[in-house]
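Shown next, in structure tokens, is the structure this report addresses.
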Amino acid sequence: MELRLTKCHGSGNDFALIDARDLQLDDASWGRIARTLCDRAGPVGSDGILLLTEGKDSADFGMRIINADGSEPETCLNGLRCAARAGFEALGIDAARVRLKTSDAQVAREASLAPGVYTVRETVAPVRTDPAAVGLRVAAPVIDAVIPGLPSDRAFTALAMPNPHLIAFVDRVDVDALVALGAWCEAGPDLLVDRANVSFVEVRGQDLFVQTFERGVGLTNACGTAMAASAHAAGLTGRLPFGQWLTVFNPGGRVRACAEGPAGGDAVTIAGNATFEWDGAIDIDPATGSAGALKIVRQREDEVAAWAAARA
Ligand SMILES: N[C@@H](CCC[C@H](N)C(=O)O)C(=O)O
């Protein structure tokens with residue numbers, strides 16, 4: 001079959017975005033397609049694939065995210081901004097409720113972060129800390145504490161966004177240690193019900209810098225749910241006040257974030273880019289995942305340049 005796709009990114013966390021509203025494929029096929037399209041040695045290369053799906057009940061449209069390893073997580077906030085943009089353009093709207101795998105989220109087009117940068121605001125709620133929600137086999141919520149059984153002496157905060165996140169505040173991000181711990185979580189230890197995303201976070205004045213090893217992907221330029229989790233964890237642990245907008249920097253760029261805390265329903269809002277790089281088409285066999293050559297039908301150089309200028 002020929003799949004049309006848009007290569008896009010949020011803060012350098014990149015995706016192949018597919019309008020799947022008229023496509024009837026089973027989960028195993030999407031898993032194979034994700035592994036092929038995400039393969040950095042293949043024709044596209046990305047951290048995940050995003051599927052724009054039909055809305056249901058009060059949702060205007062839906063989004064599914066499939067990780068590079070073919071697993072399907074609960075959500076993805078960098079991807080949600082890109083899928084939201086596709087949904088807005090398909091339906092001629094600029095705000096929506098979006099159905100995710102196990103939750104829903106509110107999205108709206110926002111004033112540009114920088115000239116020429118398409119920007120979307122997204123709100124998720126509530127962030128949860130109960131171990132059952134995080135998928136952590138411990139007795140009580142973990143807030144800025146060492147986790148017995150985790151091979152790290154750092155203090156972590158464990159959060160469900162609703163995908164699982166382990167957040168450690170550090171003086172300086174040690175990428176090797178992050179990768180080692182992320183890889184340990186990827187092996188599916190008994191401590192974790194369904195693995196976890198792991199982030200190291202530096203507090204920089206009133207802002208944050210976050211680097212993440214993503215479940216099902218590896219080290220990425222940015223992870224939106226991790227940035228939202230970090231903003232919430234900074235409030236929970238008293239490092240920064242709740243209810244204040246901050247900039248969350250990451251290796252791929254930055255977003256603006258505001259964690260509301262308990263008084264605001266434990267919501268977190270992020271505003272960030274949804275950059276479309278090119279549109280293309282590829283022949284792919286859903287039964288095997290084997291793909292033909294990629295045809296690029298539209299390059300979006302202006303957007304790519306606008307994001308590069310915004311990052312500089
Ligand atoms: N990049 C994402 C998160 C994608 C899902 C994650 N890998 C998981 O398995 O939970 C984001 O921007 O939130």
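Atoms within a ligand are numbered from 1 in the order they appear, just like the ligands themselves.
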Under a single-linkage definition using a 4.5 Å side-chain heavy-atom cutoff for Ile, Leu, Val, Met, Phe, Trp and Tyr, are Leu178 and Val210 assigned to the same hydrophobic cluster? no
among protein heavy atoms, the one nearest atom 2 (C) of ligand 1 is Cys76 SG, 3.1 Å
Side chain to side chain, Asn13 and Glu214, heavy atoms closer than 4.5 Å: yes
Taking only non-hydrogen atoms of Asn78 and a 4.0 Å limit, the atoms of ligand 1 in range are 11 (C), 12 (O)
So, do Leu181 and Leu150 sit near enough that their side-chain heavy atoms are less than 4.5 Å apart? yes
Run the contact test for Gly216 against ligand 1 with a 4.0 Å cut-off on heavy atoms, strictly below, and give the result. no
Distance under 4.0 Å to a non-hydrogen atom of Asn13: what atoms of ligand 1 satisfy this? 1 (N), 2 (C), 11 (C), 12 (O)
Interfacing atoms of ligand 1 (cut-off 4.0 Å, heavy-atom, Gly224): 11 (C), 12 (O), 13 (O)
Side-chain H-bond candidate by donor/acceptor type, Asp14 with Ser46, under 3.5 Å: no
Within the 4.0 Å heavy-atom cut-off, what Thr225 brings close to ligand 1 is both
Please work out whether any backbone atom (N, CA, C, O) or any side-chain heavy atom from C-beta onward of Thr220 is under 4.0 Å from ligand 1, and answer side chain, backbone, both or neither. neither
Looking at Lys101, Arg215, Arg64, which one forms a salt bridge (charged side-chain N to carboxylate O under 4.0 Å, His left out) with Glu72? Arg64
Asp144 vs Thr157, test: side chain to side chain donor-acceptor pair (under 3.5 Å). Steps then yes/no. CA-CA 5 Å; Asp144 220 9; Thr157 298; 4.6 Å; no
Going by the order shown, which atoms of ligand 1 are within less than 4.0 Å of some heavy atom of Asn67? 5 (C), 6 (C), 7 (N), 8 (C), 9 (O)
Does His232 reach the side chain of His165, with side-chain heavy atoms less than 4.5 Å apart? no
For atom 3 (C) of ligand 1, which of the options Glu122, Met227, Glu214 provides the nearest non-hydrogen atom? Glu214
Under 4.0 Å, counting heavy atoms only: does Thr75 come that close to any atom of ligand 1? yes
May I ask you to decide if the ring planes of Phe88 and Phe61 are parallel, tilted or perpendicular, using 30° and 60° as cut-offs? perpendicular
In the protein, which heavy atom is nearest to atom 6 (C) of ligand 1, and how far is it? Asn197 OD1, 3.4 Å
